[in-house]
Amino acid sequence: MLETPVEELIRGRRPLDPADLETIEESLLAADMGVPAVERAMAVLRAHGPQIVGPGPAAMRSILQEEIRKALSVSALPPAEFSSRPWVVLVVGVNGVGKTTTIGKLASSWASQGRSTLLCAADTFRAAAAEQLEIWAERVGGDFLRGAEGADPSAVLTDALRAAAARGRDAVLVDTAGRLHTRGNLMAELSKMARVAGREVDGAPHETLLVLDATTGSNALAQAREFARAVNVTGLVLTKLDGTAKGGMAVAVVQELGVPIRYVGVGEALDDLLPFHPDQFAAGLLGEA
Ligand code: GDP
């Protein structure tokens, strides 16, 4: 979020002057929106600068909000969920961003729509991660499958996809490893999992969600680039938006990867996963009106 709500960056009803524009630009950059999106928004604001005098700062907010909304709109359509059975969703991201929690929340929302799920713990190095996922599976009444410690994640995934197919489950949500210290191996492992999924189920993974923590800042862009090299990321999940962080860096990631934000995480409870609304997000980013 901007340190100061956008209206307060300028005072009085007068045309925006170069110093105002510079202050606004610096605030947007400090919110980690990324240079391309900020430059575009500023170009539009500059063009409208003289008009800001009339309707005042509210006009500036609506111009910026519209530009942020546009920067977050990508042409890629979201996939038609459950158009294949089982519907396979690979969830990737570094440790601690909220992958396991997001899977639990998604499974819960699908369960409430009458969809059956199988939750697959494919991080075979972190026993705690698998245990967390199992707890979520119990809470939402989903199936759960994990591998032996140190097992090949692709083998665990294969077992999970076969089990889900045999039991006629609607969806498989796959929790993957996110350790950063063996980055090369991790990325090779994720690529292999995506290939293996495609061999087991036509078109799988049908969605690959990259989970980003809104409190991360510009480092999220580096994470996104790295994961996008290994797997075909189709959407983003932005977690921890319930705190003070407003996730400006997600604008930069959407611009870079060209994929939409699909969901936002706003807490640790089952129903704290919401569909993404670009307008609301842009308003939040610009600070309280
Ligand atoms: P993983 O390592 O990526 O699987 O991350 P986890 O799902 O284990 O989440 C790491 C921590 O972040 C846990 O304490 C979660 O409860 C917390 N968490 C996840 N999503 C959110 C969210 O949207 N808001 C808040 N406040 N905490 C979250």
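Each ligand, and each atom within it, is numbered from 1 in the order the structure gives.
- Counting atoms of ligand 1 from 1 in the listed order, those under 4.0 Å from a heavy atom of G98 are 1 (P), 3 (O), 5 (O), 6 (P), 7 (O), 9 (O), 19 (C).
- More than 12 non-hydrogen atoms from other residues, nucleotides or ligands lie less than 6.0 angstrom from CD of Q113.
- With a 4.0 Å cut-off on non-hydrogen atoms, R179 does not touch ligand 1 at all.
- Considering backbone and side-chain atoms alike, D175 places every N or O at 3.5 Å or more from each N or O of ligand 1.
- For atom 27 (N) of ligand 1, the closest heavy atom belonging to the protein is E268 CG, 3.4 Å.
- When non-hydrogen atoms are compared, ligand 1 lies under 4.0 Å from the backbone of V94 (N, CA, C, O) but not from its side chain.
- Residue contacts with ligand 1 for D242 involve side-chain atoms from C-beta outward but no N, CA, C or O (heavy atoms, distance under 4.0 Å).
- Polar contact with ligand 1: absent for T239 (N/O pair, distance under 3.5 Å).
- Put simply, part of G96 is less than 4.0 Å from ligand 1, judged by heavy atoms.
- Donor-acceptor pairing under 3.5 Å is recorded for the side chains of T100 and D175.
- Among Q132, K105, R126, the residue whose heavy atom lies closest to atom 20 (N) of ligand 1 is K105.
- No side-chain N or O of R126 forms a donor-acceptor pair with one of Q132 less than 3.5 Å apart.
- For the pair K240 and ligand 1, the shortest N or O to N or O distance falls below 3.5 Å.
- A salt bridge links R262 with E207: the distance from a Lys NZ or Arg NE/NH1/NH2 to an Asp or Glu carboxylate oxygen falls below 4.0 Å.
- Shown in contact with N95 at under 4.0 Å from a heavy atom are these atoms of ligand 1, numbered in order with element: 2 (O).
- In this structure, G267 is part of the shell of residues with a heavy atom less than 4.0 angstrom from ligand 1.
- At a 4.0 Å heavy-atom cut-off, ligand 1 touches V266 through the backbone alone.
- Close approach of ligand 1 to G265 (heavy-atom distance below 4.0 Å) involves ligand atoms 23 (O).
- Applying the side chain to side chain contact (heavy atoms under 4.5 Å, CB included) test between V237 and each of I261, I103, L273 identifies L273 as the sole match.
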